[in-house]
Amino acid sequence: MSGQRVLKAQAVLVGGAALAALCWEWPSLRREMRIWRMSGGFRAGNRYP
């Protein structure tokens, strides 16, 4: 295989793995964002260490 084909295959594998991880973690990421927004988000400043 040429180097370019190997790089494309690696990019497809890494992209697929990243997409699978994102789909797997999506519910917990939504929950964390909701908690972050309830605690003030960016507006909280230095209120919480």
Side-chain angles (χ1 to χ4, degrees):
M1 291 178 78
S2 68
Q4 194 172 19
R5 289 181 69 185
V6 171
L7 285 176
K8 284 182 184 179
Q10 287 177 345
V12 167
L13 286 174
V14 169
L19 186 62
L22 182 64
C23 290
W24 184 264
E25 293 293 329
W26 185 249
S28 60
L29 289 173
R30 287 181 53 204
R31 184 175 59 245
E32 291 292 330
M33 287 301 295
R34 190 178 312 128
I35 292 169
W36 182 70
R37 283 195 313 253
M38 285 190 299
S39 68
F42 286 120
R43 295 176 290 134
N46 292 331
R47 197 176 348 166
Y48 303 106

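Heavy-atom basis, side chains included; hydrogens, waters and symmetry copies ignored. We're numbering straight along the sequence, starting at 1.
- Here Ser28 pairs with Glu25 under the side-chain hydrogen bond (donor to acceptor under 3.5 Å, both in side chains) rule; sequence neighbours left out.
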Under 3.5 Å, which donor-acceptor pairs link side chains of residues 29-38 to any protein atom two or more places apart or in another chain?
none

What donor-acceptor contacts under 3.5 angstrom involve side-chain atoms of residues 3-20, with partners at least two apart or in another chain?
none

